[in-house]
Amino acid sequence: MRIEGLDGLVKSLDGLQHALESLDGDIANVSFDPYDPESIERAIQKLFSAVDEKVARYADGVDPL
């Protein structure tokens, strides 16, 4: 990502701050069988997807709100 000027940097950092704030608190509820590797992997993938979904709206570095 190329940032030109201080305004672009400030806008990107502001978006990053909001993205990180969106991860505060509960992200997803997952359950798994600790003896089943596939169950563990599904829970991990569910959490990854939930994080991606929460921060996707900030992908361009700008808070859409």
field: Leu20 CG to Lys54 NZ distance, which is reported to the nearest 0.5 Å
entry: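 Output value for this atom pair is 12.5 Å.
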
task: Flag yes if more than 12 heavy atoms outside Glu53 fall under 6.0 Å of its CD atom; otherwise flag no.
output: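 No, not enclosed.
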
- prompt: Which residues satisfy the side chain to side chain donor-acceptor pair (under 3.5 Å) test with Gln45, sequence neighbours excluded?
  reply: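 In terms of side chain to side chain donor-acceptor pair (under 3.5 Å), with neighbours along the sequence ignored, Gln45 is linked to Glu41.
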
Let me check something: any side-chain donor-acceptor pairs from residues 29-40 under 3.5 Å, sequence neighbours excluded? List them with distances.
unit_1, atom_1, unit_2, atom_2, d
Asp33, OD1, Tyr35, N, 2.9
Asp36, OD1, Glu38, N, 3.1
Ser39, OG, Asp33, N, 2.8

- prompt: Cluster question for you: counting only ILVMFWY and a side-chain heavy-atom cut-off of under 4.5 Å, with indirect links fine, are Val55 and Leu47 together?
  reply: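 Same cluster.
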
